[in-house]
Every structure is written in C-alpha cells, then in structure tokens.
Amino acid sequence: MKKDFILDNKLDFSNYKEALDLIEKSRYILIITHVNPDADTISSALALSNLFYENKIKHKVFNVSSDLPQNLNFINRFEKITDQLPKFYDLAISVDCGLKKRLGFELPKEIPLINIDHHQSNDDFGVINIVDSTKSSTAEIIYDFFKFNGLYITKHSATALYTGIYDDSLRFSIGRCDEITFEKANFLVKCGANPSFIANKLIRRDSLAKYRVIPKVLNSLELFDEGKVAFIKAEPLWLKQTGAHIRDCEDALDMIMSIAIVQIAVFLRVVNNEIRVSARSKGNIDISKVISKFGGGGHANAAGCSLDGTDLTKAKNMVLKEILETE
C-alpha cells in the first residue's frame with residue numbers, strides 16, 4: 001500500500017499493525033456496517049473501502065438492509081454498499097458495532113473478525129479488537145489506523161473520515177471531542193475534505209416531510225421527576241400521515257436535550273416491528289447503565305437498545321421504571 005507518514009508514538013498500537021497484516025494476507029474482505037446505520041458506521045466503512053479500492057484489495061461493504069441514510073450519498077463508493085453477502089470472504093471487519101448483534105447476521109465462526117469501535121459497551125468480540133471508548137467516533141479510530149500504519153489518505157477517504165467525526169461528535173460538541181480531534185479534522189481538510197461542502201450535504205438537505213413529522217414527535221413530550229426525565233415517541237401512523245422516514249424524527253431527541261431542566265431524554269419508535277430506544281443524558285449521569293439492563297449499549301451519555309413488541313406506552317413505562325430506580 002502507498003505510504004504517507006508514520007508517527008513515532010510510545011503507546012502500543014500493535015493491534016493496528018496486526019490488523020493491517022491480516023488485511024494484506026486476505027483474499028476477499030467483508031466490511032460490516034451496523035443495523036440502522038448512521039454516518040459514523042457508513043463513513044468508517046467507506047474510508048476503508050476507498051483505501052482498499054485504491055490498493056486493489058477485493059472487498060464489499062455490507063449492511064443487512066438496503067435502507068441507507070441517503071444524506072451520505074456524496075461519499076465516494078456509497079452506491080457500492082450492498083445488502084447481499086458475497087459467496088466467499090475470508091476476513092470480516094466490523095465498524096462502529098458496539099455489540100456483536102449489531103452486525104445484523106450470524107458471522108461464520110471460521111471467519112476472523114477485526115472489530116473497530118468506540119462504544120464502551122463493546123466486549124472485544126473480534127480476533128483483533130481496536131476499541132477505544134475515549135474517541136469521538138469510530139471514524140477517528142479509522143483515522144488512527146491509517147496514520148499509525150503510514151497509509152496515504154486520499155481526498156475520498158478524508159471526506160469519509162471527516163464526515164464520520166463531524167456527525168458522531170455532534171458537530172464537535174461532545175465531551176470526547178478534544179484538541180486532538182480538531183488536529184485530526186484539520187489534517188483531513190489538508191487531505192482534501194471540504195468542511196463547508198460536508199456540512200451542507202449533512203444538514204441542509206432535509207425533506208419537507210421532516211418538518212411535518214417533527215412537531216408531532218415534539219408534541220408527544222412527557223416529563224417526569226420534576227422535568228429531569230423526558231420521553232418522546234414517533235407513532236407509525238405519523239410517518240404514514242406525513243410521508244416521513246423514521247430518520248426524519250431523530251433530530252427531535254437533540255432538541256429535547258436542549259431544554260435546560262432535562263437531564264435524561266428518551267426517544268421511542270417502532271423499527272422493523274420492534275421498539276428502538278435511544279437515550280441521552282447530561283453530565284455525570286450514565287444512561288448506559290439503564291440501557292444495558294435491556295441488552296443494549298453505547299456510551300455514558302448516549303446509549304440505545306431494542307425491545308420486543310410495538311407497544312410504545314408499555315416500553316416507556318419499562319424504561320422509565322429503570323431510570324427512576326437507578327437514579
């Protein structure tokens with residue numbers, strides 16, 4: 001592979017080298033993005049995909065669903081993502097999968113897996129694990145993989161990596177985003193990433209339906225524990241009425257978290273005949289402790305899980321009970 005720079009660092013990054021060695025020995029690689037994909041998993045996968053394509057390494061980027069976030073279609077090779085597993089592959093790389101079940105399918109036991117992720121819930125389910133919960137995003141870890149292996153970052157990979165860092169750090173606003181994150185973003189701009197172009201593609205291409213469904217979601221707001229705990233939901237009927245996609249509702253959670261009195265916010269919606277729960281918290285409140293009781297995971301201030309059934313009221317009562325008992 002083409003080399004660009006090598007950073008002399010006293011930390012042990014042997015797993016980065018082991019991962020590259022395994023990649024270079026493999027004949028066909030499956031890059032796996034997680035169920036209900038977001039910008040971080042897609043961007044991380046496409047940064048690797050562009051690297052592999054440029055170096056003639058055979059691979060596929062896989063997602064269990066064909067329903068992908070179309071606001072990411074400006075990233076090179078986005079159209080190559082498939083929901084069909086190749087007949088043969090001898091290595092898998094999962095990106096941004098905090099739990100093994102987030103792969104969306106059962107990976108054959110004989111296939112080695114490189115697990116690259118930044119969720120604190122990750123239990124090192126790969127044969128090689130590159131997991132760092134202190135990082136803003138998995139894209140930032142992929143950046144480190146490039147840098148510590150001296151791999152050349154092209155404009156296409158730089159655009160993908162910047163997109164993942166920008167989106168998963170909530171536009172550089174979360175606590176895990178530090179001066180090193182900004183240094184990386186700056187280097188990616190030098191490699192060809194265009195911040196204005198990326199921001200416009202991500203935040204200024206909303207559908208009209210989004211602005212019809214968001215008021216319904218916000219109107220569902222319920223406050224508990226003197227306003228410290230907030231719940232919102234998206235009923236399937238509202239999506240039918242407005243023509244909105246479930247992704248059009250997701251900004252509502254951040255809007256609720258902007259309310260000063262709210263310390264914990266939970267968003268409930270039905271996805272693929274089960275209830276998807278997204279939870280956020282402020283400060284030292286570790287919402288992942290609550291979510292882990294339902295088999296989910298994530299970070300201290302941002303976590304999620306899936307619950308059986310489609311009864312949003314029942315799900316709200318279950319999660320609320322755990323929150324109030326955990327406080």
Side-chain angles (χ1 to χ4, degrees), residues 34-38 41 64-65 67 96-104 117 119-123 125 133 170 213-241 244-327:
H34 64 63
V35 296
N36 303 317
D38 62 2
T41 191
V64 71
S65 171
D67 184 15
D96 201 43
C97 298
L99 300 167
K100 192 172 184 179
K101 66 181 181 181
R102 296 279 281 160
L103 303 180
D117 185 44
H119 294 92
Q120 68 181 35
S121 58
N122 197 294
D123 61 359
F125 52 79
S133 62
L170 303 181
V213 75
I214 285 285
K216 295 178 181 290
V217 176
L218 294 177
N219 197 47
S220 74
L221 174 65
E222 293 183 89
L223 297 174
F224 303 91
D225 193 16
E226 300 180 334
K228 295 178 184 177
V229 180
F231 275 78
I232 54 174
K233 64 180 179 178
E235 294 282 1
L237 176 61
W238 301 344
L239 301 178
K240 293 180 181 179
Q241 289 174 335
H245 190 283
I246 192 63
R247 290 193 193 94
D248 290 324
C249 307
E250 292 176 355
D251 284 351
L253 183 57
D254 289 329
M255 296 170 73
I256 296 302
M257 282 300 289
S258 297
I259 301 173
I261 195 174
V262 172
Q263 299 299 305
I264 296 173
V266 182
F267 176 36
L268 306 171
R269 66 277 196 201
V270 178
V271 179
N272 297 326
N273 293 315
E274 63 180 11
I275 295 173
R276 180 68 185 164
V277 181
S278 293
R280 301 287 185 269
S281 65
K282 294 176 180 175
N284 296 323
I285 300 174
D286 187 351
I287 195 62
S288 69
K289 291 181 179 179
V290 172
I291 296 302
S292 65
K293 295 180 180 180
F294 298 101
H299 307 284
N301 295 126
C305 66
S306 295
L307 303 175
D308 293 334
T310 58
D311 189 331
L312 294 175
T313 299
K314 181 179 178 181
K316 177 196 71 179
N317 292 335
M318 288 171 56
V319 177
L320 176 61
K321 181 174 182 293
E322 287 295 337
I323 290 174
L324 297 179
E325 289 180 355
T326 302
E327 282 188 306

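Bear in mind that the values here come from a model prediction, so they are computed numbers and not experimental data. Reckoned from all heavy atoms, side chains included, excluding hydrogens, waters and symmetry mates.
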* 4.5 Å side-chain heavy-atom contact, Val262 and Leu223 -> yes
* Please name the pair of heavy atoms, one in Gly297 and one in Ile291, separated by the smallest distance, quoted to 0.1 Å. => N-CG2, 3.8 Å
* To do: Specify whether His119 and His299 have parallel, tilted or perpendicular ring planes, treating 30° as the upper limit for parallel and 60° as the lower limit for perpendicular.
  => parallel
* Structure fact -> Rounded to the nearest 0.5 angstrom, the CD-OG1 distance for Glu274 and Thr310 is 11.0 Å
* Interatomic spacing from CZ in Phe231 to OG1 in Thr313 - rounded to 0.5 Å -> 11.5 Å
* Could you tell me whether the side chain of Ser65 and the main chain of Asn36 form a donor-acceptor pair under 3.5 Å? => no
* Asked: Quick one: NZ on Lys316 to CG on Leu312, what's the gap to the nearest 0.5 Å?
  -> 10.0 Å
* Structure fact -> Scanning both residues in full, the closest heavy-atom pair of Ala230 with Leu221 reads CB-CD1, 3.8 Å
* Asked: Going from NZ on Lys100 to CG on Asn122, what distance comes out if it is rounded to the nearest 0.5 angstrom?
  -> 11.5 Å
* Spell out, as yes or no, whether a donor-acceptor pair under 3.5 Å connects the side chain of Ser220 to the backbone of Val217. => yes
* Asked: Do side-chain atoms of Asp123 reach the backbone of Leu99 as a donor and acceptor pair under 3.5 angstrom?
  -> no
* Write down the atom of Phe294, the atom of Cys305, and the distance for their closest heavy-atom approach. => CB-SG, 3.8 Å
* To do: Evaluate the side-chain contact (heavy atoms from CB on, under 4.5 Å) criterion for residues Leu320 and Glu222: first the C-alpha distance (whole Å), next the side-chain angles of each, then the deciding distance (0.1 Å), finally the verdict.
  => CA-CA 11 Å; Leu320 176 61; Glu222 293 183 89; over 6 Å; no
* Asked: Would the number of heavy atoms belonging to other residues, nucleotides or ligands and lying under 6.0 Å from NZ of Lys289 be above 12?
  -> no
* Structure fact -> Of all heavy-atom pairs linking Ala315 and Ile275, the shortest is CB-CD1, 3.5 Å
* Structure fact -> The side-chain contact (heavy atoms from CB on, under 4.5 Å) partner of Val290 among Val266, Val277, Ile323 is Ile323
* Are Ile214 and Met255 close enough, and set up right, to give a side-chain contact (heavy atoms from CB on, under 4.5 Å), and what steps lead you there? -> CA-CA 10 Å; Ile214 285 285; Met255 296 170 73; 4.3 Å; yes
* **Distance-minimising heavy-atom pair for Ala279 and Ile287** => CB-CG1, 3.5 Å
* Asked: Considering residues, nucleotides and ligands other than Lys293, do more than 12 of their heavy atoms fall under 6.0 Å from its NZ?
  -> yes
* **Criterion side-chain contact (heavy atoms from CB on, under 4.5 Å) on Cys249 and Lys216, from CA distance to verdict** => CA-CA 9 Å; Cys249 307; Lys216 295 178 181 290; over 6 Å; no
* Going from CZ on Arg247 to CZ on Arg269, what distance comes out if it is rounded to the nearest 0.5 angstrom? -> 10.5 Å
* To do: Would you check, one step at a time, whether the test side-chain contact (heavy atoms from CB on, under 4.5 Å) holds for Gln120 with Asp286?
  => CA-CA 11 Å; Gln120 68 181 35; Asp286 187 351; 3.9 Å; yes
* Asked: To the nearest 0.5 Å, how far apart are CD1 in Ile246 and CZ in Phe267?
  -> 5.0 Å
* What closest approach, in Å, do Ala265 and Ile256 show between heavy atoms, and which atom pair accounts for it? -> CB-CG2, 3.9 Å
* Asked: Taking side chain as C-beta onward, heavy atoms only, is Arg102 less than 4.5 Å from Thr41?
  -> no
* Asked: Would you say Asp254's side chain and Asp251's backbone share a donor-acceptor pair under 3.5 angstrom?
  -> no
* Asked: Taking everything shown except Asn272 itself, do over 12 heavy atoms lie less than 6.0 Å from its CG?
  -> no
* Asked: Got a donor-acceptor contact below 3.5 angstrom from the Asn301 side chain to the Gly283 backbone?
  -> yes
* Is Lys233 salt-bridged to Glu235, going by a charged N under 4.0 Å from an acidic O? -> yes
